[in-house]
Amino acid sequence: MTKKQTEYICSNCGYVSPVWFGKCPSCNLWDVAVSYERERKKSTKTIKVNKETLNSISLESKPRFLTGLNEFDRSIGGGIVPGSVTLLSGEPGIGKSTIMLQICEMVAKNGKVLYFTGEESAKQIKLRAERLNLKNQNNIDIVSSFDIEPTIESIETEDYILIVFDSLQTIKKGSLPGIPGSIIQVREAANDIVNKAKTTGIPIFIVTHVTKMGNIAGPKAVEHLVDCVLFFESGKKGYRILRTLKNRFGPSDEISVYEMSSSGLIQIEDISSIFVDEYSSAPGNVISVVNEGSRSFFVEIQSLVSKPIYGTPRKLTSGVSLDRVLLTSAVLTKRLGVPLDSMDVYVNVAGGLQIKDTATDLAIALSLLSSFSDKSIPVNFVSFGEIALDGTLRSVYGSEKRLDRINRSNKTGLYPDKKNGMHDVKDLFGFLRRIGNGS
Ligand code: TYD
Ligand code: MG
């Protein structure tokens, strides 16, 4: 039995009330209440709960499948899982629609795919398809609309193997109030999409934008609903870096790198040295090796230590956490007597990369000392290791992988090791004297 009931929904935040409100009690905005007829299903039968023992549950019948774009497949944990929902977010113009259409093309070799666009017209998608020189266009259905409801309802009648919704902020669930992109629309549309993926087993990609503030608008509200969250960001020389922020089916810290060409995105399979290819051994520059997901690659840490320009010394960082730089500086001040506390300190990771790996501590320390003492570090030195507050150097996870990367690149590693005598920040000045050039 279905019964209709009038409710009032805040078109901004989705707050629901059985009575009208002038000012939303949740987001404090005025004139945002819209009436909405909600269908209430009332069952006259006693509700039965389906229970099954764990061992009687059969595993997914269909295996993962590869898109063929190797780097993308790795980013999502080794191919697409049937019934999974993946959120792809990033700034406008970064290449979300491009990579999605390229994925559609590769998957369309094996069956039909659906590309729902609320953002661009079918003609615009066609132009992009021509530019990308797509060969399997007869297997790619395009729906250009705002209202997703008819599409969601029609999905079961077609045999799609992949669906893309581009983008979450431009689609609307026709039966609900609120403009596309409002929190209520974003949440409800995402809910319907996730339900569809789970009931049909068709994998779905949802494209979303980030706001000017840098937050993932909408996606933040729906991240918990989806299986995988990917974030596209721009890096050095226009490289597009795809980060995996969440993955229920694989590692959540993978990165893959692409380059935008005149015919779409090209994957870069060997990223080991792309972020250090402009390294110059000027004082303050040091190479470190970081592990992100299954990848190990070199990064360049740059420091500038100088007399304060204004009265109070400034500490600024880009690409590494300010806290880690402050900790490292404090240890060097206390243990080596280097007066970093009274100096301006600027630390930067070349190429616009954001590094969370604590293994860069040692490189940060060396870089600060190198800039402070004006001694440069040769290009073939790579350092990694964590620094404890007592000044001791601590080993880090994945050391073998880092060493392997260093050895394969014919570089020399400097890392915490009692055998080579490097186990305290006190040893760093001796090291700089031995290898550093400069005054
Ligand atoms: P797009 O995929 O539309 O970005 P998003 O969906 O994230 O907003 O395209 C991004 C930019 O890439 C756009 O400015 C045009 C450019 N581009 C190329 O340089 N080469 C190409 O082959 C394509 C398709 C786009
Ligand atoms: Mg787009």
Side-chain angles (χ1 to χ4, degrees), residues 66-80 86-107 115 117 119-120 124-125 127-129 131-134 164-169 205-212 214-217 219 228-247 250-278 290-300 318-319 348-356:
L66 298 174
T67 65
L69 191 60
N70 303 344
E71 287 300 294
F72 187 82
D73 284 334
R74 205 174 37 76
S75 271
I76 53 174
I80 300 180
T86 303
L87 208 62
L88 171 66
S89 44
E91 284 177 9
I94 192 87
K96 301 178 294 296
S97 305
T98 305
I99 200 164
M100 282 293 106
L101 206 54
Q102 286 182 243
I103 299 290
C104 286
E105 156 78 357
M106 300 187 99
V107 174
Y115 193 103
T117 169
E119 198 156 293
E120 291 165 297
Q124 283 172 300
I125 303 287
L127 281 173
R128 185 179 285 123
R131 188 170 182 180
L132 297 173
N133 198 15
L134 302 194
V164 175
F165 285 96
D166 185 4
S167 67
L168 188 59
Q169 280 94 347
F205 283 93
I206 310 175
V207 175
T208 59
H209 294 298
V210 289
T211 57
K212 286 189 192 111
N215 303 321
I216 308 177
C228 182
V229 179
L230 304 174
F231 185 70
F232 231 155
E233 63 189 34
S234 60
K236 178 184 167 183
K237 293 189 205 153
Y239 287 138
R240 267 69 169 170
I241 302 167
L242 188 66
R243 281 184 187 278
T244 309
L245 304 182
K246 165 185 173 176
N247 193 355
S252 63
D253 48 3
E254 281 292 355
I255 72 164
S256 51
V257 182
Y258 307 83
E259 202 170 7
M260 186 64 90
S261 74
S262 55
S263 53
L265 287 159
I266 298 170
Q267 58 182 357
I268 300 178
E269 294 191 53
D270 181 10
I271 64 161
S272 61
S273 297
I274 60 168
F275 299 108
V276 293
D277 59 359
E278 283 172 307
V290 294
N291 284 354
E292 295 261 1
S294 54
R295 281 295 179 69
S296 218
F297 56 93
F298 298 121
V299 294
E300 178 186 344
S318 164
N348 177 43
V349 179
L353 277 176
Q354 288 289 333
I355 308 291
K356 288 199 203 102

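The two residues Glu120 and Ser97 have their closest heavy-atom pair at OE1-OG, 4.0 Å. Of all non-hydrogen atoms in Ser273 and Phe298, the two that sit nearest each other are OG-CD1, 3.8 Å. Pairing each heavy atom of Pro251 with each of Gly77, the nearest pair is CD-CA, 4.4 Å. Taking every heavy atom of both residues into account, Ala129 and Leu101 meet most closely at N-CD2, 3.9 Å. Nearest approach of Met260 to Ile94, heavy atoms of both residues: CE-O, 4.3 Å. Closest non-hydrogen pair, Cys228 versus Thr244, comes out as SG-CG2, 4.4 Å.
Under 3.5 Å, the side chains of Thr117 and Asp166 contain no donor-acceptor pair of N or O atoms.
No side-chain heavy atom of Gln354 sits less than 4.5 Å from a side-chain heavy atom of Val349. The side-chain heavy atoms of Ile271 and Ile255, taken from C-beta on, include a pair separated by under 4.5 Å. Side-chain contact between Thr98 and Arg128 is present, with at least one heavy-atom pair separated by less than 4.5 Å. For the pair Ser167/Lys96, no side-chain contact is recorded, criterion being any heavy-atom separation below 4.5 Å from C-beta on. Using a 4.5 Å heavy-atom threshold, the side chains of Leu88 and Val164 count as separate. Annotation: side chain of Glu105 is not in contact with side chain of Leu132 (no heavy-atom distance under 4.5 Å).
With hydrogens and angles disregarded, no donor-acceptor distance shorter than 3.5 Å links the side chain of Thr67 to the backbone of Asp73. A donor-acceptor pair under 3.5 Å is formed between the side chain of Gln267 and the backbone N or O of Asn70. Counting only distance, with no hydrogens or angles, the side chain of Gln169 and the backbone of His209 share a donor-acceptor pair below 3.5 Å. Panel note: side chain Tyr258, backbone Phe72; a donor-acceptor pair is recorded below 3.5 Å.
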*Stepwise side chain to side chain contact (heavy atoms under 4.5 Å, CB included) check, Leu87 with Leu245*: CA-CA 10 Å; Leu87 208 62; Leu245 304 182; over 6 Å; no
*asked:* Run Leu69 and Leu265 through side chain to side chain contact (heavy atoms under 4.5 Å, CB included) and show every step you take.
replied: CA-CA 10 Å; Leu69 191 60; Leu265 287 159; over 6 Å; no
*side-chain hydrogen bond (donor to acceptor under 3.5 Å, both in side chains) evaluation trace for Asn247 with Ser252*: CA-CA 5 Å; Asn247 193 355; Ser252 63; over 6 Å; no
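Using cut-offs of 30° and 60° on the angle between ring planes, the pair Phe297 and Phe275 is tilted.
With Phe231 as the partner, the side-chain contact (heavy atoms from CB on, under 4.5 Å) test is satisfied by one option alone out of Val210, Ile241, Thr208: Val210.
The salt bridge (Lys or Arg N to Asp or Glu O under 4.0 Å) contacts involving residues 250-271 comprise Arg74-Glu254, where partners must be two or more places apart or lie in separate chains.
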